[in-house]
**Q** 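Let me begin by handing over the structure; questions about it come next.
If you read the sequence from its start, that first residue is 1, and numbering goes on from there.
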Amino acid sequence: QVQVAESGGGLVQAGGSLRLSCAASGLTFTNYAMGWFRQAPGKEREGVSCISQGGFRINYVDSVKGRFTISRDNDKNTVYLQMNSLKPEDTAMYYCAAVRSYSNICRDVAYWGQGTQVTVSS
């Protein structure tokens, strides 16, 4: 069975850092772009970052540019999101997703993870 599993969330103070990991299994990892999404209370889910199958193309939502870095290790079937200089407005449930294509702003999601909570205190 296909599994997409996030880890690494937690509670940090503003200005701190977290590194999220997402391990995928049961699929051919290199056939998929990988994306990170988040949903804060009372808000719609938004795309945070996406990385193409080979890692050559990357995008970020404007609000995290310069602070977050996405990467992938195809040998480990894992994608990461390094989050630095965290702000209270980054507080959200963060979801990892396997995406059918980097095109269409990585919105053609094939598989979702269950999410990991990130809370940034002021």
Side-chain angles (χ1 to χ4, degrees):
Q1 294 292 324
V2 172
Q3 286 190 307
V4 178
E6 307 94 334
S7 62
L11 173 64
V12 298
Q13 291 190 329
S17 297
L18 285 173
R19 189 194 193 200
L20 306 184
S21 298
C22 173
S25 61
L27 77 171
T28 302
F29 189 67
T30 53
N31 284 351
Y32 296 90
M34 298 296 295
W36 287 97
F37 301 78
R38 66 185 180 185
Q39 188 167 23
K43 297 184 179 180
E44 295 184 352
R45 187 173 298 189
E46 68 169 347
V48 176
S49 183
C50 193
I51 185 168
S52 64
Q53 291 92 326
F56 293 104
R57 292 178 293 170
I58 292 170
N59 62 42
Y60 301 95
V61 66
D62 286 345
S63 60
V64 309
K65 287 181 179 177
R67 300 188 297 119
F68 291 10
T69 303
I70 191 171
S71 61
R72 65 188 293 162
D73 186 339
N74 287 342
D75 291 334
K76 296 182 178 180
N77 286 11
T78 301
V79 63
Y80 305 95
L81 187 67
Q82 179 67 46
M83 305 185 295
N84 298 327
S85 302
L86 283 162
K87 304 175 180 180
E89 51 262 46
D90 295 318
T91 295
M93 184 72 73
Y94 283 71
Y95 299 90
C96 178
V99 182
R100 292 184 177 91
S101 175
Y102 183 83
S103 302
N104 198 28
I105 324 177
C106 289
R107 288 193 280 204
D108 189 9
V109 173
Y111 304 102
W112 288 99
Q114 290 298 309
T116 185
Q117 178 67 40
V118 172
T119 302
V120 184
S121 62
S122 60

**Q** Does Val109 share a hydrophobic cluster with Val61, counting links as ILVMFWY side-chain heavy atoms below 4.5 Å and allowing steps through other members?
**A**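 In one cluster with Val109: Val61, no.
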
**Q** Before giving the answer on side chain to side chain donor-acceptor pair (under 3.5 Å), spell out for Arg72 and Asn74 the whole-Å C-alpha distance, their side-chain angles and the decisive distance to 0.1 Å.
**A** CA-CA 6 Å; Arg72 65 188 293 162; Asn74 287 342; 2.7 Å; yes

**Q** Any chance you could measure Ser21, atom OG, to Gln82, atom CD, to the nearest 0.5 Å?
**A** 9.5 Å

**Q** What is the ring orientation for Trp112 with Tyr95, classed by angle as parallel under 30°, tilted 30 to 60°, or perpendicular over 60°?
**A** perpendicular

**Q** How long is the span from the CE atom in Met34 to the SG atom in Cys106, to the nearest 0.5 Å?
**A** 10.0 Å

**Q** Is there a side-chain contact between Val79 and Cys96 (heavy atoms, below 4.5 Å)?
**A**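 Yes, their side chains come closer than 4.5 Å.
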
**Q** With a 4.5 Å limit on heavy-atom distance, are the side chains of Tyr32 and Tyr111 in contact?
**A** yes

**Q** Is there a path of hydrophobic side-chain contacts, each under 4.5 Å between heavy atoms, that joins Ile70 and Val99?
**A**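 No, separate clusters.
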
**Q** For residues Asn59 and Tyr102, determine if any side-chain heavy atom of one lies less than 4.5 Å from a side-chain heavy atom of the other.
**A**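 Asn59 vs Tyr102: side chains touch.
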
**Q** Side-chain contact, heavy-atom cut-off 4.5 Å: Tyr80 with Cys22?
**A**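 Tyr80 vs Cys22: side chains apart.
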
**Q** Would a 4.5 Å heavy-atom cut-off, applied to side chains only, mark Arg67 and Tyr60 as touching?
**A**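 Contact flag for Arg67/Tyr60 side chains = no.
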
**Q** If Ile, Leu, Val, Met, Phe, Trp and Tyr residues are connected whenever their side-chain heavy atoms lie under 4.5 Å apart, and connections chain through other members, are Leu81 and Phe37 in the same group?
**A**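 Unlinked, Leu81 and Phe37 end up in two clusters.
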
**Q** Met83 versus Leu20: any side-chain heavy-atom pair under 4.5 Å?
**A** yes

**Q** For a 4.5 angstrom cut-off between non-hydrogen side-chain atoms, does Thr91 reach Gln117?
**A** yes

**Q** Can you tell me how far the CZ atom of Arg100 sits from the CG atom of Asp108, to the nearest 0.5 Å?
**A**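 So the CZ of Arg100 and the CG of Asp108 are separated by 5.0 Å.
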
**Q** When hydrophobic residues are tied together by side-chain contacts of less than 4.5 Å, even through go-betweens, does Val4 share a cluster with Met93?
**A** no

**Q** Is the count of non-hydrogen atoms from other residues, nucleotides or ligands lying under 6.0 Å from Gln3 atom CD greater than 12?
**A**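 Counting other residues, nucleotides and ligands, CD of Gln3 stays at 12 neighbours or fewer.
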
**Q** Measuring from atom CZ of Phe68 to atom OG of Ser17, what distance do you get when rounded to the nearest 0.5 angstrom?
**A**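 Phe68 atom CZ to Ser17 atom OG measures 9.5 Å (nearest 0.5 Å).
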
**Q** May I ask you to say whether Lys87 pairs ionically with Asp90, meaning some side-chain N is under 4.0 Å from a carboxylate O?
**A** no

**Q** Of all the heavy-atom pairs spanning Leu27 and Asn77, show the shortest one and how long it is.
**A** O-ND2, 4.4 Å

**Q** Output the distance between atom CD (Glu89) and atom NZ (Lys43), rounded to the nearest 0.5 Å.
**A** 8.0 Å

**Q** What distance do Phe29 atom CZ and Thr78 atom OG1 have between them, rounded to the nearest 0.5 Å?
**A**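 Between Phe29 CZ and Thr78 OG1, I get 6.5 Å after rounding to 0.5 Å.
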
**Q** Does CD belonging to Gln114 count more than 12 external heavy atoms closer than 6.0 Å?
**A**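 Count not over threshold, so no.
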
**Q** Mind checking whether Val64 and Arg38 have side chains closer than 4.5 Å, heavy atoms only?
**A** yes

**Q** Which heavy atom of Ala33 sits nearest a heavy atom of Ser101, and at what distance?
**A**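 Heavy atoms only, the tightest pair is CB-C, 4.2 Å.
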
**Q** At their closest point, which heavy atom of Leu18 faces which heavy atom of Gly8, and how far apart are they?
**A** CD2-O, 3.8 Å

